[in-house]
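Worksheet for the structure shown next.
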Amino acid sequence: MRGLIVAVVLSFLSSQGHALEVFACEPEWGALVSELAGEQAEITVALTASQDPHRLQARPSLIASARRADLVICSGADLEIGWLPLLLRRSGNPDIRPGTPGYFLAADYVRKLEVPTRIDRSQGDIHPQGNPHVHLNPHNITRVAHKLTERLAELDPVYADIYKTKLDDFIERWQVAIDVWEVRAQRLKGLTIVPHHRSFSYLADWLELDVIATVEAKPGIPPSGAHLSSLLEKLSNHPPAAVVRTPYANEKPTTWLAERLDTPQLILPYTVGGNDDATDLFALFEVTLTLLQDLQP
Amino acid sequence: MKHLGRRTITSMCWVGMLYGTPAIGATIDPITDFRQEIQELRLAYEARIDALEARIVLAERASKQARSSAVEAREMAEETAIGTTTGDSSANVFNPAIGAVLVARAADIDRNWETIPGFIPGGELGPGKSGFSLGESEINLKASIDDLFYGNMTLALEDEGGETEVAIEEAWFETAALPTGLTIRAGRQFSGIGNLNSFHRHADAFIDRPLPYQAFLGGQYIADGMQARWVAPTNLFLEFGAELDWGSSFPGSGSDETSPGTWSLFAHTGGDVGTSHAWQAGVSYLSTEVQDRGLGEDDAAAAFTGNSDLVGLDFVWKWAPFGNPTVTNFMLQGEYFRREEKGAFDGINIDTDQSGWYLQSVWQFKPNWRLGYRHDRVATNNGSIFANTLLEDADDSPRRDSLMLDWSHSEYSRFRLQYAYDRVLAKSSNQLLLQYILSMGAHGAHRF
């Protein structure tokens, strides 16, 4: 009976209330908002899984979406430095300016890896605050989920209780999933990989994978032929279990290297929608683990 | 159910093998099947072990949970503390984002021109001189001023015959907190008319501006005044803008008028088609009251006074496979302008009708490399009374064809080779240019 009342109240609230318009830069944050806000939020995701978050342009459709947003959620740590600040200014929307409750950067709430000690562009397109690809450690998702719920409640206090309930429900399921993943992942410890870009550092940190090199010589700079040759030479004695890339990375250098090392090239989904199976956050990690486990003989 | 089915088939194979009559053996190789069976068993056991281990973990979790959440809370507190103490000099952290751009070119120009037949010249015109020249080196500063305002300043340093000239290219502030999509900007700014006009020159795909920009806007219309922009809260991107300027730069007159003599209106719209295509289109209008606009610096006698009205249409279309420009992408862009200038030029009443357009495409055919082609032309219909004067209509429309190839090692460095077949004057000429554009400091913005 109580469940029925809650359901009726919920459906009444969601049909009556104005949905929160959320602009998510990356699919992983769009998926998290959808877990935590459900029908309370209308979500626009700027990037698809086949687009490089560094390289987007502030195109007209995105300006139009940002104009209507109540909340912007992005990775931060300068991942979107090339387009997000411009997008926010062009939209003329004061509710999502940096420093307002409508501006949420996930990287602000997690411990960053690979914080550079030497900040100079000769090191490539580095991010002074550290590696911004924070979402591939599920514990980071947990941290961001808590902070994001606080933010949702602040922006939309009428539904604060609903957000809290949804968070509890999500964390409950998420923690069970993490526990199972971590058991499965024990066999992956020490697995050697060579990613194209430092997109999987948080995953490697979580699963204790061994990143022995990257295909890019410097972050954000496509690898030259000379660099690939020297990489091949360096790796040929101890080839990695796989050369790993995101769906959006250039396939040529990774294919070249994998073929010559006679090692598989693994395209991990990287984010929600990165392959047909990675339909939500749970599936993203599930699929990623399965693909890594399949590497083992 | 699925498993059961597979096992039944396997059992049937067994039976078939034992009796020497391959029931399904014609299609299934028994050894492969054995291997498959073993693999399946292994996976099934692994899954069961995983599940059992997971159950142990879950049983332990309840007791661990309280402790781990305490640890997490402490970690988060630490991180917040770490996040707030960046940098050791509190004065420096308020520095604006600083960027500098180095631009230079080497050119081989057959025939230079400083006027386009049929046009009253103004602003920056022509392909320039042969040889090496430093272009405009730029220094840009931008930052929030406070919670209401955002500021931007660009200084251009240019070498003019051995003397360094410093020009204020941009110096504006804009509102950051006006409600409902409205932004007001004041100061010196690149006008929002057209498409290319509001871009910095170093962001262009070609070394020089297309002919209609040179003829109608002196390369770029820089406005001293105010601009208001409004983005509509619609699914389709719709932006409207208006400007009120004191018209100091071409096509304005450069005199110190007390009332604003120039105003403009512009609108842009755009969107996506699927995930691979994006477009933008716009329309603009620029109206200038011109007072004694001289012919450059030397000739004070020949001056134009009157009204100058410019209408422009622009569009851009961009393609990248699944919206991912990393490996290849393509861009097609064009603009059309039509201008009417009515008034007195050197004491004679004139009413000129002029138009021009350009169409350019840029193709990134592999990472780091782009190839571009542009056709640009202008035309005049000033009338036969201007025979043997500056405003004499050209027999053939002044036009050019340009090809460019550029290479960028990173987002911050670009080297460009450009060839132009130039028919602005009656005699055609060839131009070969080499340019570098290098940016330091603050990350540039990826404008559409």
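Residue numbers begin at 1 in each chain, while the letters A, B, ... track the order of the sequences.
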List the atom of [X], the atom of [Y], and the distance in Å for their closest heavy-atom pair.
{"X": "Thr234(B)", "Y": "Arg68(A)", "value": "O-NH1, 2.7 Å"}
{"X": "Gln57(A)", "Y": "Lys318(B)", "value": "OE1-NZ, 3.0 Å"}
{"X": "Pro94(A)", "Y": "Pro179(B)", "value": "CG-CA, 3.8 Å"}
{"X": "Asp125(A)", "Y": "Tyr412(B)", "value": "OD1-OH, 2.9 Å"}
{"X": "Tyr248(A)", "Y": "Asn324(B)", "value": "O-ND2, 2.9 Å"}
{"X": "Ser61(A)", "Y": "Phe237(B)", "value": "N-CB, 4.5 Å"}

> Of Ser410(B), Pro367(B), Ser408(B), which meets side-chain contact (heavy atoms from CB on, under 4.5 Å) against Ile221(A)?
Replying inline: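 For Ile221(A), the side-chain contact (heavy atoms from CB on, under 4.5 Å) check succeeds only for Ser410(B).
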Donor-acceptor under 3.5 Å ([X] side chain, [Y] main chain):
{"X": "His443(B)", "Y": "Ile81(A)", "value": "no"}
{"X": "Arg97(A)", "Y": "Ala176(B)", "value": "yes"}
{"X": "Arg59(A)", "Y": "Asp272(B)", "value": "no"}
{"X": "Arg67(A)", "Y": "Val231(B)", "value": "yes"}

As an exercise: rank [options] by heavy-atom pairs under 4.5 Å with chain A and give me the winner.
{"options": "Gly271(B), Ala442(B), Gly323(B)", "value": "Gly323(B)"}
{"options": "Ala232(B), Pro233(B), Ala177(B)", "value": "Pro233(B)"}
{"options": "Leu182(B), Leu238(B), Leu178(B)", "value": "Leu178(B)"}

> Who among Lys252(A), Glu251(A), Arg121(A) has the most heavy-atom pairs with chain B under 4.5 Å?
Replying inline: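 If we count pairs closer than 4.5 Å to chain B, Arg121(A) comes out on top.
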> Do you know which of Ala249(A), Gly82(A), Gly99(A) has the most heavy-atom pairs with chain B at a distance under 4.5 angstrom?
Replying inline: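 Top option by heavy-atom pairs under 4.5 Å: Gly82(A).
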Enter the distance from [X]:[atom1] to [Y]:[atom2] here, rounded to the nearest 0.5 Å.
{"X": "Thr180(B)", "Y": "Asp95(A)", "atom1": "OG1", "atom2": "CG", "result": "10.0 Å"}
{"X": "Tyr150(B)", "Y": "Leu88(A)", "atom1": "OH", "atom2": "CG", "result": "11.0 Å"}
{"X": "Thr275(B)", "Y": "Gln51(A)", "atom1": "OG1", "atom2": "CD", "result": "7.0 Å"}
{"X": "Asn250(A)", "Y": "Lys366(B)", "atom1": "CG", "atom2": "NZ", "result": "10.0 Å"}
{"X": "Asn152(B)", "Y": "Arg89(A)", "atom1": "CG", "atom2": "CZ", "result": "7.0 Å"}
{"X": "Phe448(B)", "Y": "Ile63(A)", "atom1": "CZ", "atom2": "CD1", "result": "9.5 Å"}

Would you call [X] and [Y] a side-chain contact if the rule is heavy atoms closer than 4.5 Å?
{"X": "Arg55(A)", "Y": "Glu411(B)", "answer": "no"}
{"X": "Leu56(A)", "Y": "His446(B)", "answer": "no"}
{"X": "Asn368(B)", "Y": "Pro222(A)", "answer": "yes"}

> Is it the backbone or the side chain of Trp279(B) that comes under 4.5 Å from a heavy atom of chain A, or both, or neither?
Replying inline: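 Just the backbone, heavy atoms under 4.5 Å.
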>> Under 4.5 Å from any heavy atom of chain A, what part of Asn235(B) do you find: side chain, backbone, both or neither?
In response: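 Answer is both: backbone and side chain atoms of Asn235(B) are under 4.5 Å from chain A.
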>> With a 4.5 angstrom heavy-atom cut-off, is it the side chain or the backbone of Arg187(A) that approaches chain B, or both, or neither?
In response: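 Arg187(A) touches chain B through side-chain heavy atoms alone.
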> Which answer fits Ser91(A), side chain, backbone, both or neither, if we ask what part of it has an atom under 4.5 Å from a heavy atom of chain B?
Replying inline: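 Just the backbone, heavy atoms under 4.5 Å.
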Exceeds 12 heavy-atom contacts within 6.0 angstrom, atom [atom1] of [X]:
{"X": "Glu170(B)", "atom1": "CD", "value": "yes"}
{"X": "Phe199(B)", "atom1": "CZ", "value": "yes"}
{"X": "Asp146(B)", "atom1": "CG", "value": "yes"}

